[in-house]
Amino acid sequence: MIDIELIRKNPEFVKENIKKKFQDGKLCLVDKVLELDKSKRALQTEGDGLRAQRNELAKKIGALMREKKLKEAEEIKEISKKNNERVAEIEKECAEVEAELKKAMMSIPNIISERVPLGKDDSQNVEGKVYLKAEQKTFEVPYHLDILESVDGIDLDSARRTSGNGFYYLTGDIARLHSAVLTYARDFMIDKGFTFCIPPYMIRSDVVSGVMSFEEMDGMMYKIEGEDLYLIGTSEHSMIGRFMGTTLPESKLPQTLTSYSPCFRKEKGAHGLEERGIYRIHQFEKQEMIVLCKPEESDYWYEKMWNYTVELFVSMEIPVRQLLCCSGDLADLKYESCDIEAWSPRQKKYFEVGSCSNLTDAQARRLGIKYKNEKTGRNEFVHTLNNTVVAPPRMLIAFLENHLQADGSVYIPPVLRPYMGGKDKIIPKK
RNA sequence: GCAGAGAUGGCGGAGUGGUCGAACGCGCACGACUCGAAAUCGUGUUACGGGCAACUGUACGGGGGUUCGAAUCCCUCUCUCUGCGCCA
């Protein structure tokens, strides 16, 4: 949600931004907001006046009662009752206008960064820098499920029986590698000065509706039956929810947090081969990073954050690149966003392993997350950013494909060996 | 899960139907005193919205209700504390 003040002062700028995002259908929302805002304020002024009258009349009645002038008090009560009927009418009308205004405001996309490349959809995203040149394999790299099976690392058949499609048992060295990657990533972020946090894995509906739209919620979130609780789709939900409706002292910024959680997603809709296996599943684990900072610092943190992910993957010897999200592919809440993509030697292309976003104050405004600006003495909205540190098992696909050797073994880079009992490779069974 | 008590400003804590946005204390800011400081004294100090402004509205955990009028009464939800029960 953007600042309504910006629409009042510079509606053309907001419209330009909508055009940049190829959402011309939403242009009319700007004028609609201006109109609704006007009538809301008119209603509020009228309502305020009536309420002021009510307060005055109530005081008068109080005074008369004390003086035991009961008949006069009764007369004024009648006037006040009539007055209150009008107040109720206006309040109802005002609530309706406000709801409509909020709905329109929620649909107007965040102002995007000047750095965001213009483009209609994901086909026009722009490749950024490439890190670690991908080496050509001298052999055909198999589908990741085949690699997993060759090292006895997965049991999908049992998972389908116990839990259905989209679940998995990871076993042996693969399960250990999964944990090793998370633990290594956790320590990596702690070394960067981030504070480790384990958040709740379930959140209430008011938090859910705060952090996402109804459509997202319907397509993603699992609900706990008979309780006002949902399983989180990412720890960002509970991590950002943690700050809902709070005002932080300036000295508490920036908040640099790295969180671990399992993530649960319905993933409604059918997906192709490249989204099967352990690429898109109902349950996975993720190390995440979030930052809450002062507005003037969010560009700095954005750069820092996605570079951390790059550094992490490079340290595990996995080739990655940055992919700049173009204007049309950018979610409405985002100011700027990029994916970190890992190289797939099998598909001979990059695929998404993480996503970094600067939401500026759009999310904070929606959730009421502020800080006290010491200079101005005012409470202002913080900027929020989030980024994937690493999300196995998806990350394991890149790991297995890149580290598979001609003899069928899987190479373990030195940084992970301490978490793997010193092993330098995973050897295939039989 | 059951029973009881409670939730008020940055903090502690009064207030049980009207003059309460809220006593008092602490903290904080500014000023006086001082060479400077402590102590002391004085002044100020909730947030959000509307209005050019004067001014005005709303909010005492959340939501709903009663009333001319609610921090105060009723219902409901959430949370905290105490005791009991249960359980990794």
Side-chain angles (χ1 to χ4, degrees), chain A residues 1-9 33-102 104-106 198-211 223-230 237-238 241-253 262 361 364-382:
Chain A
M1 190 156 58
I2 64 170
D3 190 354
I4 195 162
E5 197 65 26
L6 185 62
I7 301 179
R8 284 180 196 150
K9 285 200 177 127
V33 162
L34 286 172
E35 212 175 287
L36 287 169
D37 181 46
K38 212 172 152 191
S39 48
K40 192 208 93 174
R41 284 192 281 176
L43 283 169
Q44 189 179 343
T45 305
E46 194 180 349
D48 282 359
L50 290 172
R51 272 187 291 265
Q53 271 181 49
R54 172 172 73 190
N55 292 341
E56 213 176 301
L57 290 176
K59 269 183 195 171
K60 243 184 230 171
I61 293 168
L64 290 170
M65 300 280 264
R66 246 171 281 119
E67 294 167 32
K68 307 263 185 249
K69 293 178 180 169
L70 294 181
K71 312 125 264 158
E72 285 174 56
E74 283 305 320
E75 276 166 32
I76 297 177
K77 269 193 200 179
E78 283 310 307
I79 299 170
S80 189
K81 266 187 195 172
K82 284 239 172 70
N83 190 47
N84 281 348
E85 282 168 26
R86 285 166 61 211
V87 172
E89 271 170 42
I90 284 166
E91 275 176 355
K92 193 177 161 231
E93 209 177 321
C94 198
E96 281 165 14
V97 172
E98 252 170 22
E100 217 177 320
L101 180 63
K102 193 179 169 194
M105 283 299 291
M106 293 274 218
I198 300 176
Y201 304 152
M202 297 183 206
I203 50 175
R204 290 224 174 93
S205 56
D206 60 331
V207 182
V208 176
S209 53
V211 295
K223 176 143 184 24
I224 305 296
E225 200 181 340
E227 309 259 346
D228 180 29
L229 285 173
Y230 290 80
H237 295 154
S238 33
R242 183 179 173 202
F243 297 99
M244 253 173 104
T246 59
T247 302
L248 297 155
E250 192 175 319
S251 60
K252 284 268 174 68
L253 293 180
D361 63 357
R365 176 168 290 108
R366 201 168 146 163
L367 298 173
I369 308 173
K370 297 183 165 185
Y371 78 104
K372 189 174 174 75
N373 185 324
E374 295 297 343
K375 265 192 211 126
T376 63
R378 294 173 158 239
N379 293 338
E380 291 168 9
F381 291 108
V382 301

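What's counted below: heavy atoms across the whole structure, side chains too, no hydrogens, waters or symmetry copies. Letters go in sequence order (proteins before strands), and every chain restarts at 1.
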Only counting residues at least two apart or in another chain, list the ones meeting side-chain contact (heavy atoms from CB on, under 4.5 Å) with [X].
X	answer
E46(A)	I90(A)
E91(A)	R51(A), V87(A)
R8(A)	I4(A), E5(A), D37(A), R41(A)
L57(A)	I76(A), I79(A), S80(A)

> In the 5'-to-3' direction, what one-character label does each nucleotide of nucleotides 54-65 of chain B receive under the scheme B = base within less than 4.0 Å of a protein heavy atom, S = sugar-phosphate only, - = no such atom?
Replying inline: --SSS-------
What is the nucleic acid contact for [X], judged by heavy atoms within less than 4.0 Å: base, sugar-phosphate only, or nothing?
X	result
L57(A)	nothing
K38(A)	nothing
R365(A)	nothing
N379(A)	sugar-phosphate

> Nearest nucleotide by nearest heavy atom, which residue falls closer to the 5' end of RNA chain B, K372(A) or A58(A)?
Replying inline: A58(A)
>> Assuming nearest nucleotide by heavy-atom distance, tell me which of R41(A) and A63(A) is located more 5' along RNA chain B.
In response: A63(A)
>> Which residues pass the salt bridge (charged side-chain N to carboxylate O under 4.0 Å, His left out) test with K38(A), not counting sequence neighbours?
In response: none
Using distance only, find each side-chain donor-acceptor pair of residues 202-209 of chain A under 3.5 Å and give its atom names and separation, not counting sequence neighbours.
| unit_1 | atom_1 | unit_2 | atom_2 | d |
| --- | --- | --- | --- | --- |
| S205(A) | OG | D228(A) | OD1 | 2.7 |
| S205(A) | OG | D228(A) | OD2 | 3.3 |
| S209(A) | OG | S205(A) | O | 3.0 |
| S209(A) | OG | D206(A) | O | 3.3 |

Set out, line by line, the N/O atom pairs under 3.5 Å between protein and nucleotides 75-78 of chain B.
| unit_1 | atom_1 | unit_2 | atom_2 | d |
| --- | --- | --- | --- | --- |
| U78(B) | O3' | R204(A) | NH2 | 2.6 |

>> Quick check on contacts: within residues 70-81 of chain A, what sits under 4.0 Å from RNA chain B by heavy-atom distance?
In response: K77(A), S80(A), K81(A)
>> Going by side-chain hydrogen bond (donor to acceptor under 3.5 Å, both in side chains), name the residues that satisfy it together with E67(A), two or more places apart in sequence or in a different chain.
In response: K69(A)
>> Using the side-chain hydrogen bond (donor to acceptor under 3.5 Å, both in side chains) criterion, which residues pair with E250(A)? Sequence neighbours excluded.
In response: K294(A)
> Can you give the dot-bracket line for RNA chain B, where a pair is Watson-Crick or G-U wobble with both atom distances under 3.5 Å, crossing pairs use [ ], and | marks a partner on another strand?
Replying inline: ((((((((.[[[..)..(.....]]]((((((.......))))))(((((....))))).[[[[[..)....]]]]])))))))....
>> Give me the distance, rounded to whole Å, that separates A14(B) from C26(B) when you measure between the C1' atoms they each carry.
In response: 15 Å
